[in-house]
Amino acid sequence: MSRSFCPDQYRSVIDSHFHTQSMLQRGMDVFSLFDGLFASGFCGGIDIGCVHDDLPERSKLLEPYPHILLAGAMGPWEAGKSETKETDIEAEFSKTKGMDQLEAELGILKKNIETYNARFIGEIGLDYYWEYGNHEKQKLLFETQLHWADEMGLCVLIHDRDADEDIAATIRRLGPGKGGIIHCFDGSETVLKTALDRGYYISFAGNVTYKSNERLREMLKRVPTDRLLLETDSPYLTPVPLRGKPNSPEKIIHTYECVSQVLGIDLGKLKETVLENFNDFASR
Ligand SMILES: [Zn+2]
């Protein structure tokens, strides 16, 4: 049975970044949620890969939803257990990986991207907060996949945590030509400037609604409205007033409301603008 929302409540709403598999792993009834959302006008979004070999299963699970586009990648967490920082991260990312293993996993991923027609490469990037593997391993994954994006003519979805300078320098150098999305933008001026120059879109997540994030809301005003996207990053980063609960795409409505207030744009107009941006991005 599908969840019911008001008719048209989600008309023109998109969610540019969510992780269906991570929601399923938390026992969330994702499919009845999607059925309800699409029945009330939801326009879809991008389901993001978490690990190098998850595309076959994700592509089968999401086949009934043509408006959910697939991205596949090795994120920085796949560089393995941190060699410099004591961390308590999920078991699947707690094994040390050698360069050989990373190369082999990249090979599996590339084949899957081609076989399952992933529309984007993401999320990829650098995470110097968790310090997965080491910087050399993270950069190997990041740069290899940026090269593929050019080769395959695909856009990328970028994850940046505490790595602003290296992210900006790398996308300045390696593009890719078709650009991409800076996902869950956290307010870095350097990243914003470089990303806009390189034709990227800037996506804001639920953390823009957090009371302490005044600075991020100020940065939001500096993003040209034709480069603005919104996302949940479900099941993470639940917006206020639902913060603390697991996130899911219907909660994006609170992020739309916050952004419409900050920018002084009518909510309906914001939905249309973000949808248009998303469609322009997806048709690159
Ligand atoms: Zn994500």
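We count ligands from 1, going down the list as the structure has it; atoms in each ligand are counted the same way.
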The Zn ion (ligand 1) to Glu123: nearest N/O/S atom name = OE2
Any side-chain donor paired with an acceptor under 3.5 Å for Ser203 and Ser16?
-> yes
Passes salt bridge (Lys or Arg N to Asp or Glu O under 4.0 Å), Arg284 versus Asp280? Steps please.
-> CA-CA 7 Å; Arg284 275 186 174 185; Asp280 284 349; over 6 Å; no
Check whether any side-chain heavy atom of Ile158 lies under 4.5 Å from a side-chain heavy atom of Ile171, and answer yes or no.
-> yes
Verify salt bridge (Lys or Arg N to Asp or Glu O under 4.0 Å) between Asp197 and Arg172, making sure each step is shown before the conclusion.
-> CA-CA 9 Å; Asp197 285 350; Arg172 200 177 301 128; over 6 Å; no
Which atom, counting only N, O or S, brings Asp233 closest to the Zn ion (ligand 1)?
-> OD1
Between the Zn ion (ligand 1) and Cys184, is there an N, O or S atom separated by less than 2.8 Å?
-> no
Answer yes or no as to whether an N/O/S atom of His159 is found below 2.8 Å from the Zn ion (ligand 1).
-> no
To 10°, measure the NE2(His17)-the Zn ion (ligand 1)-NE2(His19) angle for me.
-> 100°
Might you work through the salt bridge (Lys or Arg N to Asp or Glu O under 4.0 Å) test for Lys137 and Glu78, ending with a clear yes or no?
-> CA-CA 9 Å; Lys137 289 176 181 172; Glu78 283 220 82; over 6 Å; no
